[in-house]
Every structure is written in C-alpha cells, then in structure tokens.
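Labels below follow one simple rule: chain letters A, B, ... track the order of the sequence lines, proteins then strands, and each chain is numbered from 1. In this text, all values refer to a predicted model and were calculated from it rather than measured experimentally.
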There are 2 protein chains.
Amino acid sequence: MKTPEELTSLFRARGLKVTPQRQRIFTILHDSPRHPSAEAVYEAARADMPTLSLRTVYQTLNDLASMGELAALDLGTGATRFDPNLSPHHHLVCIQCGSITDLHTVFPDVAVPTGAGDGFTVTATEIVFRGRCASCEAARTPELHPTHH
Amino acid sequence: MKTPEELTSLFRARGLKVTPQRQRIFTILHDSPRHPSAEAVYEAARADMPTLSLRTVYQTLNDLASMGELAALDLGTGATRFDPNLSPHHHLVCIQCGSITDLHTVFPDVAVPTGAGDGFTVTATEIVFRGRCASCEAARTPELHPTHH
DNA sequence: CTTTGTGCAAAGCCTTTGCACTCGC
DNA sequence: GCGAGTGCAAAGGCTTTGCACAAAG
C-alpha cells in the first residue's frame, strides 16, 4: 500500500479530487495490516467523521482498486475484502470468525499443466486455505474433537 | 455426484421427503458436468416443471450441500456455484464469461509451511486460476494484445 | 395424521446508483 | 464556476425466511 501522500498525488494526477474523507480512508488502509470490508473501513472512518457516507467509502475503495492500488477479494466471507498488500500472496481464511491472514509463501509448482486447461489463459492464481484460526480452534469444545471414549 | 436413486435413498434415510421436484433436481445435477448456479438449476428444472419455485431449488441444493453430496462454491462470480464433483480438484474461472472448468491436478507442495500459519488449522485448500477461457481469449480484439508498433 | 415440502411474496445482506447539494481545484 | 465528491435514500442482485396449503411417509 502506498502512503496517503503518494495516493494523494496519484489521485490528483488522474484528475480525481482529494477530500478529507478520501485522505482519511487512505490513512485507514495504510495503517491496516488486515483485510477490511467496506463496512469495516466505514466504521473506522466514522469514528472521526460521523457524517461520512458508505457511498464515499465504496467509491474510494473502488477507485483505488481500479487503479491497482488495492486488491478487492471475494473470499466467500459474504462481503468483499479490500487488501492493501499488493505483493503476491495467498490467504488463510477462518471458516468460523472470517478472519484473514496473509501467507507469503511462493508455490512454484502451482500451474495449469500443459494441455490440461483447454486453452485457458491464466492471469492470476489464488490459493485459499480454509480452516480455523488458533483462537477459534482453541474455543471449540473438546467434545467436538474426534476422540475415543 | 451420486445417482438420483442413491440420493433418493439418502434423503429417505434422513427422514427427508423425496418429491418429483427434488428428483428432477437430482437428475439435473447428476447430468451436469458444469457448476450451475441456483438460478441455472431453476431454469433447467422449470423447462419440465413450470410451477417449481426457486425456494425449492435453494432448499434442495442446501440440503445436498449440508449432507456433503454437493459442494457450494463462491468463486467470485456473483452467485454461489454448486459443484456435483466431490473428488478434490481445483478451478479455472473465466474472468470474462464466468465459466468454470475443473482441474484435477494434485499439487503436493501446497501447504502452509510449519510455523507460518500462526496456529491455523487447515481443513480445505482451494486453488483458483483466474484468466480467460479459450473462446473469450479468442474473442479479444488483437489491438488489445501487448504488441510492438 | 404428522411432518416436511412447496409456492408466493416479502425481507435480508452487500453493493451500486439517482439526485441534489457542496466543495476541491 | 465546472466538474467531481458527498450524503441520503432507493434500487439492484442473490439468498433466505414467514406463512398457509398440499403432499409424502
């Protein structure tokens, strides 16, 4: 994620206006190591800017995504997650609490084998590990574990 | 995907009723090598059963999914896709037309490295290759390809 | 006969959009 | 000032749910 200052310049260069609302959103994204939903960005921004509307959040996030400064992810958690991390990476998605963790491992063997894809041209490869994060795993009652009685 | 007859027995064994509507849906899923959305199953079934309601389709698909006889996929195409193929496999998703193709390759190296997942317990690994299917790639105008001038 | 399934319509969630006003540039 | 941004509210797509009736077991 670029700094708020860099994003400001980028927006100006594109003829987009830079408002306090947008700067606030830039900062929230820059500071967030998470993968917030639009709603989460909205909530965070409203703490300082009670009048901010959800529309502004969506518009700014979509502007950033179309500029390639942000990745919009659909990881099956219900809402689109916005990922400020632009380096190629994969995701661990908790099926219980919906939290998302980055995994920066490179998997060199992952590719469509020659002749298998029926002419498919790959532009992006996404690997999603689904399971339970440490705290959700710990919170499961022992009775639910497959143990002998 | 089990045969309609097997699914009928399974439903009966669970105390679920087997109606003509459900049998029709069983058959459609069994015959489909695709990954239909609920809407697609609905359209296919309505050809023979004009009075069938979308609710019945969703309920039957969700019943099958919770019984593990069907996988419900969210591949970012807008609607949930139902996958009758239960063997572990991955997907090629066309970013243009939304078509989905199976890839039955096994990637033995794909795993969360020891110590990297911060206690995350993986229950499923999904690999999605995004790009363009052969026909959508062919339909792109040559001007859009990155060539020298 | 009881329990589940069905059809219709309405509501839910997330996201987008129309409109009029405001404000950055 | 002009055009883009903003806030509000309404609409849009997909999915779920409440209700009353019909049907399966």
Side-chain angles (χ1 to χ4, degrees), chain A residues 4-5 7-26 28 35-43 45-46 48-67 70-83 98 100, chain B residues 4-5 7-26 28 35-43 45-46 48-67 70-83 98 100:
Chain A
E5 292 73 29
L7 292 175
T8 298
S9 305
L10 260 168
F11 265 55
R12 292 237 167 88
R14 289 200 164 215
L16 298 173
K17 295 180 179 171
V18 179
T19 59
Q21 289 91 335
R22 298 195 148 180
Q23 291 183 325
R24 187 78 196 90
I25 293 170
F26 294 167
I28 288 169
H35 304 70
S37 62
E39 198 73 33
V41 173
Y42 178 51
E43 290 305 327
R46 259 209 315 192
D48 304 343
M49 277 188 180
T51 66
L52 180 75
S53 82
L54 194 50
R55 168 181 189 134
T56 301
V57 174
Y58 272 108
Q59 179 162 308
T60 304
L61 291 174
N62 287 335
D63 286 346
L64 285 166
S66 63
M67 289 162 69
L70 195 61
L73 304 175
D74 181 349
L75 294 172
T77 55
T80 303
R81 299 301 195 92
F82 294 88
D83 189 346
I100 297 170
Chain B
E5 292 73 28
L7 293 175
T8 297
S9 305
L10 261 168
F11 265 54
R12 292 238 166 87
R14 291 202 163 214
L16 298 173
K17 297 180 179 171
V18 179
T19 58
Q21 289 90 336
R22 298 196 148 181
Q23 290 183 326
R24 185 79 196 90
I25 293 170
F26 294 167
I28 288 169
H35 305 70
S37 62
E39 197 73 34
V41 173
Y42 178 51
E43 290 304 326
R46 259 211 314 193
D48 304 344
M49 277 188 180
T51 68
L52 180 76
S53 83
L54 193 50
R55 169 181 187 134
T56 301
V57 174
Y58 272 108
Q59 178 160 309
T60 303
L61 291 173
N62 286 335
D63 286 346
L64 285 167
S66 64
M67 291 164 67
L70 195 61
L73 304 175
D74 182 348
L75 294 172
T77 56
T80 302
R81 299 302 194 94
F82 294 89
D83 190 345
I100 297 170

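- If you check every strand for non-hydrogen atoms under 4.0 Å, A:S37 touches nothing.
- Between the CD atom of A:Q23 and the P atom of C:dC25 there is a distance of 8 Å, rounded to whole Å.
- Ring centers of B:Y58 and B:Y42: at least 6.0 Å apart, outside the cut-off.
- For C:dT15, one of the phosphate oxygens OP1 or OP2 lies less than 4.0 angstrom from a side-chain nitrogen or oxygen of A:T80.
- If you take CG of A:D74 and P of D:dG13, they are 18 Å apart, rounded to a whole angstrom.
- Between the CD1 atom of B:I25 and the P atom of C:dG5 there is a distance of 12 Å, given to the nearest Å.
- Rounded to whole angstrom, the span from the CG atom of B:L54 across to the P atom of D:dT17 amounts to 14 Å.
- Under 4.0 Å is where a charged nitrogen must lie from a carboxylate oxygen, and between A:D63 and A:R14 no such pair does.
- Between the P atom of C:dC8 and the OH atom of B:Y42 lies a distance of 7 Å, rounded to the nearest Å.
- Mapped onto DNA chain D by nearest heavy atom, A:L52 and B:G78 fall at different nucleotides, with A:L52 at the one closer to the 5' end.
- The two residues A:K17 and A:F11 come nearest to each other via the heavy atoms O-CD2, 4.1 Å.
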Give me, pair by pair, the N or O atoms of the protein and of nucleotides 20-24 of chain D that are less than 3.5 Å apart, along with how far apart they are.
| from | atom 1 | to | atom 2 | distance (Å) |
| --- | --- | --- | --- | --- |
| D:dA24 | N3 | B:K17 | NZ | 2.8 |

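- Atom-to-atom, CG of A:N62 to P of C:dC14 comes out at 16 Å; the value is rounded to the nearest Å.
- The two residues B:A72 and B:T80 come nearest to each other via the heavy atoms CB-CG2, 4.0 Å.
- Between A:M49 atom CE and D:dG5 atom P there is a gap of 15 Å when expressed in whole angstrom units.
- In this entry the distance linking CZ of B:R14 with P of D:dG25 reads 17 Å, nearest Å.
- Applying the 4.0 Å criterion to OP1 and OP2 of C:dC8, one finds that B:S53 has every side-chain N and O outside that range.
- Of the two residues near DNA chain D, A:T60 and B:Q59, the one whose nearest nucleotide lies more 5' is A:T60.
- Inter-residue side-chain proximity for A:N62 and A:Q59 is flagged as unmet; no heavy-atom pair is nearer than 4.5 Å.
- When the ring pair (Phe, Tyr, Trp, His ring centres under 6.0 Å) test is applied to A:F82, no partner is found at least two apart in sequence or on another chain.
- Residues B:R22 and A:E39 each lie close to DNA chain C; by heavy-atom proximity, the contact nearer the 5' end of the strand is made by B:R22.
- Remark: A:Y58 is in phosphate contact with C:dT15, judged by side-chain N or O atoms under 4.0 Å from OP1 or OP2.
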Working for side chain to side chain contact (heavy atoms under 4.5 Å, CB included), residues A:E5 and A:F26: CA-CA 9 Å; A:E5 292 73 29; A:F26 294 167; over 6 Å; no
